[in-house]
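Taking it in order: structure first as structure tokens, then the write-up.
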2 protein chains.
Amino acid sequence: MKHVPQPRRRLTTPSMTSSLSFLLAAKHTELSELQRLAQSIALARSTAALVHELQRERGLSSLWVGQASMGQAPPESDLRQQTRCTDRWVAQWLHESAALIAAPSAHGARLLSRVAYALQGLEALALLRSRVAAMALGTQGLSADYARLIASLLAVVFEAADSASAPELLRPLVALFNLMQGKEWAGQERAAGAALLASAQAQAHEQAHLIDLIEAQQRCLEVFESFASAALLPFWQERQRAQPLVERSRMRRLLLQTPAGGALEPAQSRVWFACCSQCMDEMRPVEDQLTQSLVAQASACMAQVQAEIGQLEQRQHQAGSAANGANGASETQRSSAFFEAARPTLQPTPQGLAGGLEKSVLDLVQEQGQRLQAAAAELETLRASLNERKLIERAKGLLMAHQQLDEPTAHKALRELAMNQNKRMVDVAEAVLSMSRLLAPRR
Amino acid sequence: MKHVPQPRRRLTTPSMTSSLSFLLAAKHTELSELQRLAQSIALARSTAALVHELQRERGLSSLWVGQASMGQAPPESDLRQQTRCTDRWVAQWLHESAALIAAPSAHGARLLSRVAYALQGLEALALLRSRVAAMALGTQGLSADYARLIASLLAVVFEAADSASAPELLRPLVALFNLMQGKEWAGQERAAGAALLASAQAQAHEQAHLIDLIEAQQRCLEVFESFASAALLPFWQERQRAQPLVERSRMRRLLLQTPAGGALEPAQSRVWFACCSQCMDEMRPVEDQLTQSLVAQASACMAQVQAEIGQLEQRQHQAGSAANGANGASETQRSSAFFEAARPTLQPTPQGLAGGLEKSVLDLVQEQGQRLQAAAAELETLRASLNERKLIERAKGLLMAHQQLDEPTAHKALRELAMNQNKRMVDVAEAVLSMSRLLAPRR
């Protein structure tokens, strides 16, 4: 048998140690991904607070412009106080976002790119305010500009969710994004309803727009509810029964059931505005509780991975000192396990890698592989809920590029396609994208 | 108007610079992801070479065991020489894989976990060889053990492809994985056909297995062809017309068209083995050319991103020295661009960021965002071709966990389900997974 090379120790012993090194490296990767994610979560938390202040500022600016245009004395102090408050959060946001680039190449290019765009929006905020002060913008125009700025901030939270690598954190991030987006639709509903009331007459086109906003809002909040933790839901549901929501429902009926051409009472605009603002304020503590628990969950995840790293390091240390044949298993026994076809599947251990000392390296390797595969599968399922938005954005981008449309026109084109065909926006977006695949040149 | 805060320079000027910093940080992220990917590509290249040697070693071991069991003088020198050759590639592979953990947390946890598992397989290679030498394994047993080891190495290449963040590199990586997997099916076909011939009698079950292997092989090679570059295809097609392939087709017909129970000529086993081995050897230069061009493409991508980083740095430097109002655009003009709804979509510039000096930061930010979004969309489309395998693996994992099955039994269960229902494996896998979602507890 001398023609077959003898088992060579050179290949075996180092590789056993190496397997542990790779397990450890994988754990370190998980840890640094969690650290990145914790930073994104901190930024998402600031973003939620900043967006809320911008929504308030938009509301107050809009009231101020509305009243000033009617020759009434504008309520100076409220708006001045609000802009100061917004600025504090802008500063906080700038601080949090700067942390993302402190460590080079730590974050995904897409997230950084979204932050760069939001920064452009915040830079333009000063101009927007001066235009408001100069009454160079109507309530509609200023609402649209604030909406654009807020959209650039929401995109940061969306990207933070989309790049999350831990399913247990992706779930609440999806909930957060949808709550924030739902709240923003509520803000746009506030503006649209106020404009309709101010016009003193029900108009079919404006009513249809209002319905769109209400439906978009409800879809987001349904997603939020299905992703929110069991601990958060009762808090949310309690606030959903608050008086302003009842009041808003009543006024929504008034706005939508008045036949086109029928008279509306402009004085009601303030009532509408107040109850819509209160509804948005009711959402804010839920957002705050959600981001707080996200921060706590991220810490807990990091602590767990850190503990697992400690156990693996201990194991590696022991493997190093015990040399071969550790744990009573001969090298042959350990090697043959790799080829055992009838090897029973490992039961998941409640303590994770804690029971590591009785397990072979192969057991640990297989456990880690199975766990990572399961996490990847879960992430993919969770991300499906983010896909609706992505498809719509992508279809819009395609229309913008190929048809030379600007963003609002592309959005409107998609919305009208959907309305005419009685389909959902996402279905129309999918149709647009599938056509593009047919048209794209094959490489 | 004194109640509205004046535009505050504190918020504007630094953020304009910051937008550039984020653009730069995003580019640095792209670069370091490409560096990671280049390392994975180097490992994939070594893996392809190592797998080829293991396939040859499996073939020679199998011939040796077959002949030794018939009392014939085994051809010592060939196998001895082959194991030495394999070992050189094992050493190379260990070297390449060690580079992955030299930089902490650089690579994805899943890739590292796959490498850890493949290392366990390579550790067990010595044992496998000693069992072959001791004739403790039949040709079927040793082929299955080598197949298991090779599968652990293929999984590394699969993961390298799945974690690729650049569409232009994912495309050839998908081609590479499918070529390698197709070649491995060819290796298993060689073993199955040889076993069938050695048994001297056509058996329906073995013939069905052979058909499975041929079909799996063809599917992989079709994917390979649709992802291979236009430069590689003629080289591939030329080799597909080689004599061994004609010979194998002839022998495939013989093996499959002999009615069950009919006689086969065991002496033909060597002819079959030789032409199958030659077919696999014909694939190797294509694999080699593909991995070579992958390495070159990765370098080209890195050089391009590096050049873009240089341009952005120059731009940042100029922005710093020119202070405000650079490029003739006032701050107000620059800020107002953010709110311009009718802003035309940017035409992609052929020189990428090169034309950066005439463009505003907002233009650059929007271009980068659009490019990253387009890349993400393309990656998603390309990855769909990897999903078939993932779904099957996932369904197997589920069966293993829930039904306490080992891997080959789970595979067989899926295959039989597919055969009984006249469906593809992937459709059955999808059905299994969708049932599991129904059964899984809602959180």
Side-chain angles (χ1 to χ4, degrees), chain A residues 1 3-5 7-8 11-12 15-16 18-19 21-23 25-26 28-30 32 76 79-80 83 90 101 104-105 109-110 112-113 115-117 119-124 126-127 129-130 133 145 148 332 335-336 338-339 341-343 345 362 365 368-369 372-373 377 394 400-401 406 408, chain B residues 1 3-5 7-8 11-12 15-16 18-19 21-23 25-26 28-30 32 76 80 83 90 101 104-105 109-110 112-113 115-117 119-124 126-127 129-130 133 145 148 332 335-336 338-339 341-343 345 362 365 368-369 372 377 394 397 400-401 404 406 408:
Chain A
M1 298 292 124
H3 62 282
V4 175
R8 291 164 69 179
L11 290 179
T12 56
S15 71
M16 197 205 80
S18 292
S19 285
S21 314
F22 278 91
L23 283 180
H28 278 290
T29 298
E30 279 186 66
S32 68
E76 293 195 10
L79 184 54
R80 200 189 311 147
T83 54
V90 170
I101 50 170
S105 26
R110 285 201 302 281
L112 295 171
S113 169
V115 170
Y117 186 64
L119 272 173
Q120 293 281 309
L122 289 173
E123 179 190 352
L127 175 75
R129 285 172 179 172
S130 68
D145 282 0
R148 207 179 178 95
T332 307
S335 290
S336 77
F338 184 85
F339 296 119
R343 187 173 170 72
T345 307
L362 181 63
V365 169
Q368 193 185 58
L372 289 171
Q373 207 176 352
R394 213 176 285 163
M400 288 161 74
D406 59 58
Chain B
M1 297 291 125
H3 62 282
V4 174
R8 291 164 70 180
L11 289 181
T12 57
S15 71
M16 196 207 79
S18 292
S19 286
S21 313
F22 279 93
L23 283 182
H28 278 290
T29 297
E30 279 186 65
S32 69
E76 293 196 9
R80 200 190 311 147
T83 54
V90 169
I101 50 172
S105 25
R110 285 202 301 281
L112 295 171
S113 169
V115 171
Y117 186 63
L119 272 173
Q120 292 282 310
L122 289 174
E123 180 191 350
L127 175 74
R129 287 172 177 172
S130 69
D145 282 0
R148 209 180 176 93
T332 306
S335 291
S336 77
F338 183 85
F339 296 119
R343 186 173 172 70
T345 306
L362 180 63
V365 168
Q368 192 185 59
L372 289 171
R394 212 176 286 162
M400 287 161 73
Q404 299 293 310
D406 59 60

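All chains are named by letter (A, B, ...) in the order of the sequence lines, taking the proteins before the strands, and each is independently numbered beginning at 1.
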Centroid-centroid under 6.0 Å between B:Phe338 and A:Tyr117 rings: yes
About how many Å separate [atom2] of [Y] and [atom1] of [X], when rounded to the nearest 0.5 Å?
X	Y	atom1	atom2	answer
B:Glu30	A:Arg110	CD	CZ	10.5 Å
A:Ser21	B:Ile101	OG	CD1	4.5 Å
B:Leu362	A:Gln120	CG	CD	5.0 Å
A:Leu112	B:Phe22	CG	CZ	6.5 Å

Whether A:Ser19 side chain and B:Leu119 backbone form a donor-acceptor pair below 3.5 Å: no
Nearest non-hydrogen partners of [X] and [Y], listed with the distance:
X	Y	value
A:Gln373	B:Arg394	NE2-N, 4.3 Å
A:Gly369	B:Ser113	CA-OG, 3.4 Å
A:Thr29	B:Ala109	CG2-N, 3.6 Å

